[in-house]
Amino acid sequence: MNKKAFENMEHLDFRIEDAEPQDVEALRTIVKDSWMRVYPNEEQNITVDDISSIDWYNEEGLEKRRKEIALHADGVHTWVLKNSEDTVMGFCKVTKTDDKREIEAIYVVKELEGKGMGKKLLQKALDWLGTERDIQLKVVAYNSHAIGFYKKFGFQETESSVSYEGTKLAHGKEIPRIEMVKPGNHS
């Protein structure tokens with residue numbers, strides 16, 4: 001994002017709306033930028049080069065995601081956060097099936113971190129997912145900022161071991177993840 005886009009941020013209006021297929025490249029850029037900042041970790045021996053070697057814009061993956069957004073495939077829903085200039089500034093992706101409620105991703109651009117926009121996206125997702133079932137998510141084990149954020153919304157860490165194809169790196173290393181669950185109102 002260029003600096004000028006953020007100079008008058010307080011004066012920009014933000015809205016949350018359904019993602020469109022043409023938003024996919026912006027979503028990937030937001031994720032890539034976030035991963036480049038947050039996931040390199042000396043203790044885990046995960047380098048910036050490891051993260052940058054991911055094929056973020058693989059055309060097959062982009063097309064799959066465009067179709068998923070266009071069709072709302074299998075109860076998958078994505079919302080985007082856009083500013084008054086129609087720029088995607090964040091997003092949230094969730095899955096809702098008969099037996100599963102999951103927050104798959106939530107990201108905002110660095111310049112909006114700590115400004116309440118992630119909370120708005122997460123609340124939109126929680127409202128859509130409902131309270132009748134547990135809601136789960138997976139988060140990088142050393143991302144203490146994200147873990148604290150989710151705990152404020154009632155998510156609790158579980159003891160479940162988590163392996164996730166999306167965080168396996170090209171050379172076989174896996175970014176360690178944990179599962180968190182927000183208990184539902186089981187009746």
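For clarity, every value in this text was computed on a predicted model and none was experimentally measured.
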Inspect the surroundings of CD in E60 and state if more than 12 heavy atoms from other residues, nucleotides or ligands are less than 6.0 Å away.
-> no

Chi angles and distances behind the side chain to side chain donor-acceptor pair (under 3.5 Å) call for E102, T95 = CA-CA 5 Å; E102 183 172 9; T95 299; 5.4 Å; no

D23/K82 ion pair, N-O < 4.0 Å = yes

Would you say the side chains of T29 and Y57 form a donor-acceptor pair under 3.5 Å?
-> yes

Working to the nearest 0.5 Å, report the span between CG of L121 and OH of Y107.
-> 13.0 Å

N58 side-chain N/O to D55 backbone N/O, donor-acceptor pair under 3.5 Å | no

Between the main-chain N or O of F153 and the side-chain N or O of K182, is there a donor-acceptor pair closer than 3.5 Å?
-> yes

Give the intermediate values and the outcome of side chain to side chain contact (heavy atoms under 4.5 Å, CB included) for residues W56 and I51.
-> CA-CA 10 Å; W56 293 99; I51 303 301; 4.1 Å; yes

Looking only at atom types and distance, does a side-chain atom of R15 sit under 3.5 Å from a main-chain N or O of V80, one as donor and one as acceptor?
-> no

Starting at CD of E111, measure out to CG of D33 and round the result to the nearest 0.5 Å.
-> 8.5 Å

Main-chain N/O of N143 paired to Y39 side chain as donor or acceptor, under 3.5 Å | no

Tell me, do W79 and D18 make a side-chain contact under 4.5 Å, heavy atoms counted?
-> yes

Side chain to side chain contact (heavy atoms under 4.5 Å, CB included) between L27 and T78, worked out = CA-CA 10 Å; L27 304 182; T78 303; 4.2 Å; yes

May I ask you to decide if T97's main-chain N or O and R101's side chain share a donor-acceptor pair within less than 3.5 Å?
-> yes

Side chain of D134, backbone of G184: donor and acceptor closer than 3.5 Å?
-> yes

List the steps and the verdict of side chain to side chain contact (heavy atoms under 4.5 Å, CB included) for L129 and I103.
-> CA-CA 9 Å; L129 291 168; I103 295 174; 3.9 Å; yes

So V94 and V76, side chain to side chain contact (heavy atoms under 4.5 Å, CB included) or not? Walk me through it.
-> CA-CA 6 Å; V94 299; V76 176; over 6 Å; no

Decide whether V38 and Y142 are clustered together by the hydrophobic rule: side chain heavy atoms of Ile, Leu, Val, Met, Phe, Trp, Tyr closer than 4.5 Å, transitively.
-> yes

Side-chain (K173) to main-chain (N45) donor-acceptor, under 3.5 angstrom | yes

Determine, using the 4.5 Å side-chain heavy-atom cutoff (strictly less than), whether Y150 and V181 are members of one ILVMFWY cluster.
-> no

With the threshold set at 4.0 Å, does a side-chain nitrogen-carboxylate oxygen contact exist between E68 and R65?
-> yes

How are the rings of H77 and W128 set to each other: parallel, tilted or perpendicular (split at 30° and 60°)?
-> tilted

How many angstroms lie between atom CD1 of I106 and atom CD1 of I30, to the nearest 0.5 angstrom?
-> 11.5 Å

Any Lys/Arg nitrogen of E59 or R66 sitting under 4.0 Å from an Asp/Glu carboxylate oxygen of the other?
-> yes

Heavy-atom side-chain proximity of K64 to L62 below 4.5 angstrom | no

Honestly curious: do I147 and V162 fall in one hydrophobic cluster under the side-chain, below-4.5 Å linking rule?
-> no

Should M117 and K120 count as side-chain neighbours, where that means a heavy-atom distance under 4.5 Å?
-> yes

Looking only at atom types and distance, does a side-chain atom of S52 sit under 3.5 Å from a main-chain N or O of D49, one as donor and one as acceptor?
-> yes

CG of N185 to OG1 of T131, rounded to nearest 0.5 Å, is 4.5 Å

Decide, yes or no, whether a salt bridge links K151 with E157 under the criterion of side-chain N to carboxylate O below 4.0 Å.
-> yes

